[in-house]
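For reference, the structure is listed below as structure tokens.
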Amino acid sequence: MVFEVKIENFEGPLDLLLKLTEEQKLDITQISLAKVTDNFLKHIEILENSLVNLSEFLDIASKLIVIKSKVLLPQLELTKEEQEEIDNLEARLKEYQLFKEAAKELKVLAEREERGFGRKTKVRPEISIFDPPANVNYKFLFELFKKVIDEMPEEKKYPEAKIKKAVSIGEKISEIKLALQKYKTLDFGYLLKKAKARIEIIVSFLAILELLKAKFLEVEQSANFSEIILKII
Amino acid sequence: MNEDLKNIIESILFVAEKPVSIKELSKLTNSLTINVQKALLELTDDYKERGLRVIRKGDFFQIITAPEAAKYIGRFLNQELKAQLGDAALETLAIITYKQPITRMAIEKIRGVSSDTILRTLQIKGLISEVERLDAPGKPILYGTTFEFLQYLGVESLDELPKLEKEKEDKIKQAFKF
Amino acid sequence: MNEDLKNIIESILFVAEKPVSIKELSKLTNSLTINVQKALLELTDDYKERGLRVIRKGDFFQIITAPEAAKYIGRFLNQELKAQLGDAALETLAIITYKQPITRMAIEKIRGVSSDTILRTLQIKGLISEVERLDAPGKPILYGTTFEFLQYLGVESLDELPKLEKEKEDKIKQAFKF
């Protein structure tokens, strides 16, 4: 007898067994299983080195051999266990066939190139409902706030060179102008505190002189060493 | 009034961007589940001829785009329409579809081979997920199909899928005691 | 045919994250802008009695939920956040309560981590709100506690809240010198 063995990828021993019976256009019965047993064994022999699930193939092979023996020698006495095993194999193969058919139908659906898309925008409407946390009072929040401040990451000290990129007088002038337009008055001390480097203090000073000259602001100091106040004119 | 409930449910499903259960909807709207069910059925029906669909799995509902629009949505979202699935994946998916919820062991028993990798692939693709744990030693995971799976196939619910041949199935159950 | 175009447009607007222009819709659907416009008008009309609305801003269109559903949507969103506020959220709430009005950047400077999601959660829970805009480049939002939350704390005005010790106040000032 000549075996024509096509090397294919099988999903497993049941897949191979199903293909073999279907190739022969056989229904799944113990007799048909007996018929494909030799072919099944031949496949294992050929594929041995490439089979990932060799032990599963061998397990099915042993059951097929029992089936074949029983078909060839009807007078062969099988133990109850052996009989159950071969009955089970038949049933399992039938069930497997059912799912293979179902898989084909799923494949048809899957190949339609038609699919639905859910919304995945994460854009939520701006609707809020008051829902305060339980057991929270202002003392608790205050303690938490203090703790957070204590644990606050320390300001990184940047190297002097980086800070030295000085503000230009022009920039400072427009900054002070804007601030004055908004607040009408400004403390000179505030400008000093805000300065990131000594050079910025000098620039601020020059900017104020420029604005004085341009009559944009006037300067007030009520007493020696008291706060100098800039006022918009 | 019933019209109102339907509209509210529609807007919740729109915002939710994920399946919402009848129970949750009835709680949110202070309505009887029977009324929610009715509204959902009507909504599903209203959507039949539109660009959107209401899909269902079990007690959960979601609004998605109509499968007919897939080409355009794919273009708009710059998204691939369908990931190709191999035979092993389809076979495993079919088993889970018709036998869910099901454990890995039961799947492997049917397929006759270990199915670890395939289950992981299907999970990554979002087509199946762990739905619960079996109340048995080791609490094995039970797998089921997802809403993503319904979207992937472009069907409204599992009921739309072809039935496993009932006759055959019954015969198998008789022969093959689980 | 026109029905088809309307459905496709509906599905595109459904998945879109932001308003979509007539031009883009006509490009996506290979349709004349006049037909897109007509479909959009019809769609807007169809939606009049539903839980969703089609709104228009210039040449841009978007689907949103109907205003009548706001209460229920609010409930749903809240429930999504139903987990008790975590430590990070409470910390942020504390910072805002005692340092309001404050920008997101300043909050992040104090906490040392990004606070976007938390701010949204606190807003949805009605604990904080945008109180004004800082007069600085980019006009950053200033956050403050809501009136309701202050009432809940049993505080009638911000002045009643305890003050920080000078040492801590200085530390903040130093971080904030801008």
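Proteins get letters first, then strands, A, B, ... in listed order; numbering begins at 1 in each.
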Euclidean distance, A/T121 OG1 relative to C/I63 CD1, rounded to 0.5 Å: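 That separation rounds to 11.0 Å.
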Find the distance between CG (A/L178) and CG (C/D135) and round it off to the nearest 0.5 Å.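 The CG atom of C/D135 is 7.5 Å from CG of A/L178, to the nearest 0.5 Å.
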For atom [atom1] of [X], decide whether the heavy atoms of other residues, nucleotides or ligands shown that lie under 6.0 angstrom number more than 12.
X: A/K184; atom1: NZ; value: yes
X: A/K146; atom1: NZ; value: yes
X: A/Q181; atom1: CD; value: yes
X: C/D45; atom1: CG; value: yes
X: A/F205; atom1: CZ; value: no
X: C/I34; atom1: CD1; value: no
X: C/K18; atom1: NZ; value: no
X: A/D150; atom1: CG; value: yes

Using side chain to side chain contact (heavy atoms under 4.5 Å, CB included), reason through C/I95 and A/F145 one step at a time and then give a plain yes or no. CA-CA 6 Å; C/I95 293 170; A/F145 179 55; 4.1 Å; yes
What are the two closest non-hydrogen atoms of [X] and [Y], and how far apart are they?
X: A/P132; Y: C/L127; value: CA-CD2, 3.6 Å
X: C/V15; Y: A/R119; value: CA-CG, 4.2 Å
X: C/Y152; Y: A/P133; value: OH-O, 2.8 Å

Which atoms of C/A16 are under 4.5 Å from chain A, going by heavy atoms: the side chain, the backbone, both sets, or neither?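 Looking at C/A16, just its backbone touches chain A.
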So which part of C/K71 gets closer than 4.5 Å to some heavy atom of chain A, the side chain, the backbone, both or neither?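 For C/K71, backbone heavy atoms alone lie under 4.5 Å from chain A.
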Keeping A/Y138 on the side-chain end and C/P162 on the backbone end, is there a donor-acceptor pair under 3.5 Å?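 Answer holds: no.
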Using the ring of each side chain (for Trp, its six-membered ring), is A/F142 parallel, tilted or perpendicular to C/Y98, with breaks at 30° and 60°?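 A/F142 vs C/Y98 ring planes: tilted.
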Among the options C/R120, C/E165, C/R111, pick out the one with the most heavy-atom pairs lying under 4.5 Å from chain A.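 Of the candidates given, the most pairs with chain A belong to C/R120.
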Looking at chain A, which one of C/L122, C/I124, C/L90 has the largest number of heavy-atom pairs inside 4.5 Å, strictly under?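 Option with the top pair count is C/I124.
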Would C/L153 and A/V136 satisfy side chain to side chain contact (heavy atoms under 4.5 Å, CB included), going step by step from the backbone distance to the final call? CA-CA 8 Å; C/L153 290 182; A/V136 165; 4.2 Å; yes
Going through the distances and angles, do A/K120 and C/E17 end up as a side chain to side chain contact (heavy atoms under 4.5 Å, CB included)? CA-CA 8 Å; A/K120 288 209 182 77; C/E17 215 154 308; over 6 Å; no
